[in-house]
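Order of the sequence lines sets the chain letters (A, B, ...), proteins ahead of strands, with each chain counted from 1.
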Amino acid sequence: MVSFAQALSQNQLDLRRGRTETLQVNLGLLCNQVCKHCHLGAGPHRREVMDLDTMRQVADYAVRGGFSVVDITGGAPEMNPHLPELIRRCTEAAPRVMLRSNLTLLTGGGRGHLLELLRERRVAIVASFPSLSPSQVEAQRGAGVFEGSLRGLRLLNQIGWGRPGSGLELDLVVNPAGAFLPPQQEAAQRRFRGELRRRWGVTFDHLFTLANAPLGRFRDWLLSSGNYDGYLDKLAHGFNPCAVQGLMCRSLVSVAWDGCLYDCDFNLAAGIPLGGQRVHVSQMPGPPPEGAAIAVSEHCYTCTAGSGFT
Amino acid sequence: METPVDHYYDAKDLPRFPEIAKEAPELAKKFFDWAEAVMADGALSRREKCLIALAAAHAVQCPYCIDAYTQACLEQGSDLAEMTEAVHVASYIRGGATLVHGIQMRNQAGKLSL
């Protein structure tokens with residue numbers, strides 16, 4: 001297998017930033033689930049959580065950077081007690097704010113105020129819903145998660161998310177339950193739309209299919225199951241030069257729970273900082289400049305396999 | 001030079017399938033183009049066709065095809081329950097095909113017997 005950098009140069013490609021439109025904020029590695037594919041190794045045992053000072057610095061950066069989108073992720077962002085303040089600040093700073101959710105916390109008891117804030121501020125919810133098969137979902141995310149996720153989707157639909165004309169966007173994220181690539185996005189969206197409506201009366205706006213990055217807990221599983229080399233070969237074999245232009249790292253900057261910046265959430269997981277040196281969000285005058293080089297490694301094949309990563 | 005053979009099946013041979021073009025490139029091209037067209041979305045979806053291919057792979061007992069279409073079915077979003085049912089369909093047709101020949105046996109036995 002050739003390195004990702006070699007694959008780029010063999011195709012006369014140079015991976016550099018375009019205009020950075022999205023600020024992705026990782027609120028920490030604390031999560032109520034222990035997903036086997038998690039590239040960050042998030043879980044209930046993790047203590048890395050963004051504190052209020054850092055969060056305020058991130059919100060200041062969202063204003064200073066003039067970002068079009070703020071994408072809030074984790075871990076489970078709902079487990080960070082300061083999330084409502086970040087939502088308030090970011091919805092004032094950026095026209096679009098997205099919250100990534102595993103569905104089982106957002107809609108649990110005691111989240112009514114958060115849901116009301118998200119509804120009032122028109123925050124898009126991007127929800128993990130990896131499969132229509134309960135056994136695949138639970139093999140990946142743990143026992144009881146399928147039913148919990150369905151309950152979450154139904155509640156979000158009741159409030160208005162994913163319902164036409166509500167202005168409340170609900171998107172689903174599908175990723176494979178193993179060492180194989182995800183289904184073609186449009187076909188999967190058609191199938192999920194039909195089956196979720198038919199079986200459970202659930203509706204949504206868009207569906208995104210994503211490959212699993214060979215990092216963190218998923219990398220550990222690939223190695224222990226003897227799938228690592230085959231999976232890396234598969235990702236590399238699927239290298240699509242046309243996907244490079246649209247890679248998320250060209251238009252996104254990711255800030256970790258401790259305020260340090262990365263080209264993307266996968267580089268964050270791999271510990272490869274933005275521009276090769278640790279920079280704190282408070283030190284950044286604005287978005288990373290257009291034309292800046294993007295740090296790459298073998299996991300970058302995740303985003304160039306097939307039609308690419310959204 | 002081909003790899004020396006001391007056994008019949010090797011998983012590493014599956015990705016070497018395109019080497020079959022070496023002696024007959026035009027025929028191989030026709031086959032692979034046709035295969036791609038057959039498996040593309042049409043009146044049946046690619047996902048459904050992969051389940052049929054998985055069932056057929058079991059019926060013809062091709063380990064290469066079983067590996068290839070197990071992975072393809074998973075990548076198309078099918079789950080183990082659907083894939084297992086597909087294998088049962090193949091098994092039913094194979095078993096049924098054997099059993100229905102029993103009528104031939106009965107016809108012949110009837111002809112020969114008093």
Side-chain angles (χ1 to χ4, degrees), chain A residues 1 36-37 128-141 145-146 172-196 199 207-212 222 225-227 229-238 240 302 305-307, chain B residues 3 7 9-21 28-29 32-33 35-55 57-58 62-89:
Chain A
M1 190 186 88
K36 288 185 184 160
H37 73 289
S128 305
F129 196 80
S131 171
L132 293 165
S133 157
S135 63
Q136 283 186 335
V137 170
E138 299 194 357
Q140 180 185 105
R141 309 185 78 87
V145 169
F146 187 79
L172 303 186
V173 173
V174 166
N175 63 295
F180 49 91
L181 296 179
Q184 196 270 335
Q185 189 161 288
E186 279 180 32
Q189 180 172 280
R190 255 196 320 274
R191 181 161 171 260
F192 273 66
R193 201 182 293 291
E195 290 297 301
L196 279 171
R199 292 196 220 171
L207 178 144
F208 303 107
T209 59
L210 309 179
N212 294 320
L222 287 169
S225 62
N227 280 303
D229 290 340
Y231 186 68
L232 262 288
D233 282 345
K234 189 162 191 64
L235 291 178
H237 186 71
N240 174 9
T302 310
S307 53
Chain B
T3 308
H7 54 273
Y9 287 117
D10 187 335
K12 293 190 185 72
D13 286 345
L14 178 56
R16 296 177 55 208
F17 191 12
E19 291 176 25
I20 207 69
K29 182 175 185 321
F32 287 116
D33 287 350
E36 198 171 308
V38 165
M39 294 307 294
D41 278 319
L44 293 172
S45 68
R46 184 168 168 76
R47 191 182 84 86
E48 291 163 332
K49 289 178 180 183
C50 284
L51 285 167
I52 295 170
L54 181 71
H58 283 76
C62 168
Y64 301 117
C65 311
I66 291 170
D67 275 10
Y69 279 95
T70 296
Q71 176 127 357
C73 284
L74 290 169
E75 290 184 349
Q76 289 301 313
S78 296
D79 62 28
L80 207 51
E82 293 170 309
M83 292 155 66
T84 304
E85 285 189 17
V87 172
H88 271 286
V89 173

May I ask you to check whether over 12 heavy atoms, not counting those of A:E186, lie within 6.0 Å of atom CD? no
CA sep, side-chain torsions, deciding dist, call: A:T302, A:N212, side-chain contact (heavy atoms from CB on, under 4.5 Å): CA-CA 7 Å; A:T302 310; A:N212 294 320; 6.0 Å; no
Would you say the side-chain atoms of B:E48 pair up with the backbone N or O of B:S45, donor to acceptor, closer than 3.5 Å? yes
For A:P176, which atoms come within 4.5 Å of any heavy atom of chain B: side chain, backbone, both, or neither? neither
Work out which heavy atom in A:Q185 is nearest to a heavy atom in A:T209; give both atom names and the distance. OE1-N, 3.0 Å
Going through the checks in order, is the side-chain contact (heavy atoms from CB on, under 4.5 Å) test met by B:L80 and B:L74? CA-CA 8 Å; B:L80 207 51; B:L74 290 169; 5.9 Å; no
Most heavy-atom pairs under 4.5 angstrom with chain A, which of B:Q71, B:E82, B:Q76? B:Q71
Could you go through B:I66 and B:H58, starting from their C-alpha distance and side-chain angles, then the distance that decides it, and tell me whether this counts as side-chain contact (heavy atoms from CB on, under 4.5 Å)? CA-CA 7 Å; B:I66 291 170; B:H58 283 76; 3.8 Å; yes
Is it true that atom CD1 of B:I20 has more than 12 heavy atoms of other residues, nucleotides or ligands lying nearer than 6.0 Å? no
Only heavy atoms, only distances under 4.5 angstrom. Which residues in residues 129-136 of chain A are near chain B? A:S133, A:Q136
Heavy-atom pair with the smallest gap, counting every atom of A:E138 and A:V145: OE2-N, 3.5 Å
Scored by heavy-atom pairs under 4.5 Å with chain B, the best of A:P183, A:G178, A:A177 is A:P183
If one checks every heavy atom of B:R46 against chain A at 4.5 Å, the contacting part turns out to be neither
